A.B. asks: 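Handing you a structure now.
Index from 1, following the sequence. Worth saying up front: this structure is predicted, and the values here are computed from it rather than measured.
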Amino acid sequence: DRTRPVAGNHEYLDPAGPAAGYFRYFGRRAGDPAKGWYSFDIGPWHAVVLNSNCGMAGAPSCGHGSAQWSWLKQDLASHPQRCTMALFHHPYRSSAAPYTGKAELKHLWSLLVSGGVDLVLNGHNHAYERLKPMRTMGDVDHDGAPWTVIAGTGGRSLIPFSSVHRNSSARATVYGVYKMVLYPDRWVGAHKGTDGVTRDLRSIGCH
């Protein structure tokens, strides 16, 4: 009852239908089964959960003017909290592990930038990475773009990095989770490894 689910690519490989088991298990907490996006407040923060499968096997579109795009634009406009995070499975950009990002997320990312989102949490890559805040075309913008944290280190395997993105700030290939403490104007986050090591401990302010 405290889990906030995010649909990934494997959910849409379900032979029973598009993410059928995922939506059956999580029920209303996962949002409308035809959509897979929703939002919620957590403490002083607002959070949006997006469906980054972008048309895969019955998943909704991520394109400009799509239902998901229109919903995100409206949701961000109607929640004026200073701090906002977005959660979705596939990173828009990342170092190669081996995946390097999903270009179909471009239009949603543009809304995240214009809507003042501070942090994006992703999975998919079987590694940990934190990337500098980037605008849609890749320009670093500490004052107006979201940081990216990819924490795909809780699954069945780890995949080492084969190349490093120019705006990558921290990386690790060790099992663990990304733990955050949320404040009204910032967050303190770190990767907590199963080896007992705390990595990449940072306090980062909201816009």
A.B. asks: Distance check, rounded to the nearest 0.5 Å: Met134 atom CE versus Arg166 atom CZ?
C.D. replies: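 Atom-to-atom, Met134:CE and Arg166:CZ are 7.0 Å apart.
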
A.B. asks: Decide side chain to side chain contact (heavy atoms under 4.5 Å, CB included) for Tyr183 and Val181; before the verdict, give the C-alpha distance in whole Å, the side-chain angles of both, and the deciding distance to 0.1 Å.
C.D. replies: CA-CA 7 Å; Tyr183 296 94; Val181 180; 3.6 Å; yes

A.B. asks: Indicate yes or no: at least one non-hydrogen side-chain atom of Thr84 is less than 4.5 angstrom from one of Trp45.
C.D. replies: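 No, every pair of side-chain atoms sits at 4.5 Å or beyond.
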
A.B. asks: Taking Ser168 for the side chain and Val164 for the main chain, is one N or O donor matched with an acceptor at less than 3.5 Å?
C.D. replies: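 Here the side-chain-to-backbone pair does not exist.
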
A.B. asks: When clusters are formed by joining ILVMFWY residues with side-chain heavy atoms under 4.5 Å apart, either directly or through shared neighbours, do Met56 and Tyr22 land in the same one?
C.D. replies: yes

A.B. asks: Can you find a heavy atom in the side chain of His89 that is under 4.5 Å from one in the side chain of Asn53?
C.D. replies: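 No, every pair of side-chain atoms sits at 4.5 Å or beyond.
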
A.B. asks: Does one hydrophobic cluster hold both Phe26 and Ile42, with members joined at side-chain heavy-atom distances below 4.5 Å?
C.D. replies: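 No, because Phe26 and Ile42 fall into different hydrophobic clusters, even though each may have its own neighbours under 4.5 Å.
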
A.B. asks: Strictly distance-based, threshold 3.5 Å: is any side-chain N or O of Ser61 a donor or acceptor partner for the main-chain N or O of Gly63?
C.D. replies: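 Side chain of Ser61 to backbone of Gly63, a donor-acceptor pair under 3.5 Å: yes, one is there.
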
A.B. asks: Lys102 versus Cys54: any side-chain heavy-atom pair under 4.5 Å?
C.D. replies: yes

A.B. asks: Do Arg135 and Val140 come close enough that some side-chain heavy atom pair is under 4.5 Å?
C.D. replies: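 No, too far: nothing below the 4.5 Å cut-off.
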
A.B. asks: With rounding to the nearest 0.5 angstrom, report the CG to OG1 distance, Leu119 to Thr148.
C.D. replies: 8.0 Å

A.B. asks: Find out if a path of hydrophobic residues (ILVMFWY) with successive side-chain heavy-atom gaps under 4.5 Å connects Tyr178 to Val6.
C.D. replies: yes

A.B. asks: Could you tell me whether the side chain of Arg93 reaches within less than 4.5 Å of the side chain of Asn167, counting heavy atoms only?
C.D. replies: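 They are not in contact (no side-chain heavy atoms under 4.5 Å apart), so the answer is no.
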
A.B. asks: Is there a donor-acceptor pair under 3.5 Å between the side chain of Lys132 and the backbone N or O of Ser169?
C.D. replies: no

A.B. asks: Do the non-hydrogen side-chain atoms of Cys62 and Gln68 ever get within less than 4.5 Å of each other?
C.D. replies: yes

A.B. asks: Quick check on the hydrophobic clustering: are Leu50 and Met85 connected, directly or via other members, by side-chain heavy-atom contacts under 4.5 Å?
C.D. replies: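 Not linked; separate clusters.
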
A.B. asks: Ser94 and Gly101: which non-hydrogen atoms are nearest, and at how many Å?
C.D. replies: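 It is OG-N, 3.8 Å.
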
A.B. asks: Between CG of Leu105 and OG of Ser110, what distance do you get to the nearest 0.5 Å?
C.D. replies: 12.0 Å

A.B. asks: Minimum heavy-atom separation for Ser157 and Tyr175, please, with both atom names.
C.D. replies: CA-OH, 3.3 Å

A.B. asks: Give the C-alpha distance, both sets of side-chain angles, the deciding distance and a yes or no for ring-ring contact (aromatic ring centres under 6.0 Å, His included) between Trp69 and His107.
C.D. replies: CA-CA 8 Å; Trp69 182 91; His107 297 294; 8.0 Å; no

A.B. asks: Please assess Ile150 against Leu131 for the test side chain to side chain contact (heavy atoms under 4.5 Å, CB included), listing each intermediate value before the final yes or no.
C.D. replies: CA-CA 8 Å; Ile150 303 163; Leu131 293 107; 3.9 Å; yes

A.B. asks: Distance-only, no hydrogens or angles: does the Asn125 side chain make a donor-acceptor pair with backbone N or O of Ala127 under 3.5 Å?
C.D. replies: no

A.B. asks: What distance separates Gln81 CD from Cys206 SG, expressed to the nearest 0.5 Å?
C.D. replies: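 If I round to the nearest 0.5 Å, the distance is 11.0 Å.
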
A.B. asks: For the pair Val149 and His191, evaluate side chain to side chain contact (heavy atoms under 4.5 Å, CB included) and give the outcome as yes or no after the intermediate values.
C.D. replies: CA-CA 10 Å; Val149 169; His191 184 268; over 6 Å; no

A.B. asks: Could you label the plane-to-plane angle of the Trp109 and Phe88 rings as parallel, tilted or perpendicular, counting under 30° as parallel and over 60° as perpendicular?
C.D. replies: perpendicular

A.B. asks: Is there a side-chain contact between Pro146 and Asp118 (heavy atoms, below 4.5 Å)?
C.D. replies: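 With C-beta onward as the side chain, the pair stays apart.
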
A.B. asks: For the residue pair His124 and His90, does the interplanar ring angle fall in the parallel (under 30°), tilted (30 to 60°) or perpendicular (over 60°) class?
C.D. replies: tilted

A.B. asks: Is the backbone N or O of Ser95 less than 3.5 Å from a side-chain atom of Glu129, with the two atoms forming a donor-acceptor pair by type?
C.D. replies: yes

A.B. asks: Test Lys106 against Tyr92 for side chain to side chain contact (heavy atoms under 4.5 Å, CB included), laying out the working first.
C.D. replies: CA-CA 7 Å; Lys106 177 177 69 173; Tyr92 178 47; 3.7 Å; yes

A.B. asks: Search all heavy atoms of Pro18 against all heavy atoms of Phe23 and return the closest pair with its distance.
C.D. replies: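 Here Pro18 and Phe23 meet closest at O-CD1, 4.1 Å.
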
A.B. asks: Using 0.5 Å steps for rounding, measure from the NE2 atom of His207 to the CG atom of Asp141.
C.D. replies: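 His207 atom NE2 to Asp141 atom CG measures 7.0 Å (nearest 0.5 Å).
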
A.B. asks: Any donor and acceptor pair, going by atom type alone, linking the side chain of Thr153 with main-chain N or O of Gly176 inside 3.5 Å?
C.D. replies: yes

A.B. asks: Just one of Asp32, Val48, Val49 clears the side chain to side chain contact (heavy atoms under 4.5 Å, CB included) bar with Tyr38, so which one?
C.D. replies: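 For Tyr38, the side chain to side chain contact (heavy atoms under 4.5 Å, CB included) test succeeds with only one of Asp32, Val48, Val49, which is Val49.
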
A.B. asks: Kindly say whether Ala19 contributes a backbone atom to a donor-acceptor pair with the side chain of Asp14 at under 3.5 angstrom?
C.D. replies: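 Between the backbone of Ala19 and the side chain of Asp14 there is no qualifying donor-acceptor contact (under 3.5 Å).
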
A.B. asks: Can you name the nearest heavy-atom pair linking Gly205 to Trp187, along with the distance?
C.D. replies: O-CZ3, 4.3 Å

A.B. asks: Dump the intermediate steps for side-chain hydrogen bond (donor to acceptor under 3.5 Å, both in side chains) on Tyr128 and Asp200, then the final yes or no.
C.D. replies: CA-CA 10 Å; Tyr128 171 76; Asp200 194 33; 2.7 Å; yes

A.B. asks: With a 4.5 Å limit on heavy-atom distance, are the side chains of Leu87 and Asn122 in contact?
C.D. replies: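 The answer is no, as the side chains (C-beta and beyond) never meet within the 4.5 Å cut-off.
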
A.B. asks: Would Arg4 pass as a cation-pi partner of Phe40, given that its NZ or CZ must be under 6.0 Å from the six-membered ring centre and within 45 degrees of the axis?
C.D. replies: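 Satisfied, under 6.0 Å and within 45°.
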
A.B. asks: According to a 4.5 Å side-chain heavy-atom criterion applied to Ile, Leu, Val, Met, Phe, Trp and Tyr, with indirect links allowed, do Trp147 and Val113 form part of one hydrophobic cluster?
C.D. replies: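 No, Trp147 does not connect to Val113 through the hydrophobic network.
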
A.B. asks: Once rounded to the nearest 0.5 Å, what's the spacing between atom CD of Gln74 and atom CG of Leu111?
C.D. replies: 11.5 Å

A.B. asks: Trp37 vs Trp71 aromatic rings, parallel, tilted or perpendicular, using cut-offs 30° and 60°?
C.D. replies: tilted

A.B. asks: Which heavy-atom pair separates Pro60 from Lys35 by the least distance, and what is that distance?
C.D. replies: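 Minimum heavy-atom separation between Pro60 and Lys35: CG-O, 3.2 Å.
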
A.B. asks: Whether the side chain of Arg202 engages the backbone of Ala190 through a donor-acceptor N/O pair (distance < 3.5 Å, no angle test) should be reported.
C.D. replies: no

A.B. asks: Do any N or O atoms from the side chain of Ser78 and from the backbone of Asp75 form a donor-acceptor pair under 3.5 angstrom?
C.D. replies: yes

A.B. asks: Report, as yes or no, whether the 6.0 Å neighbourhood of atom NE2 on His10 holds more than 12 heavy atoms from other residues, nucleotides or ligands.
C.D. replies: no

A.B. asks: Report yes or no: does Arg171 contribute a side-chain atom to a donor-acceptor pair with the main-chain N or O of Arg130 at less than 3.5 Å?
C.D. replies: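 Here the side-chain-to-backbone pair does not exist.
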
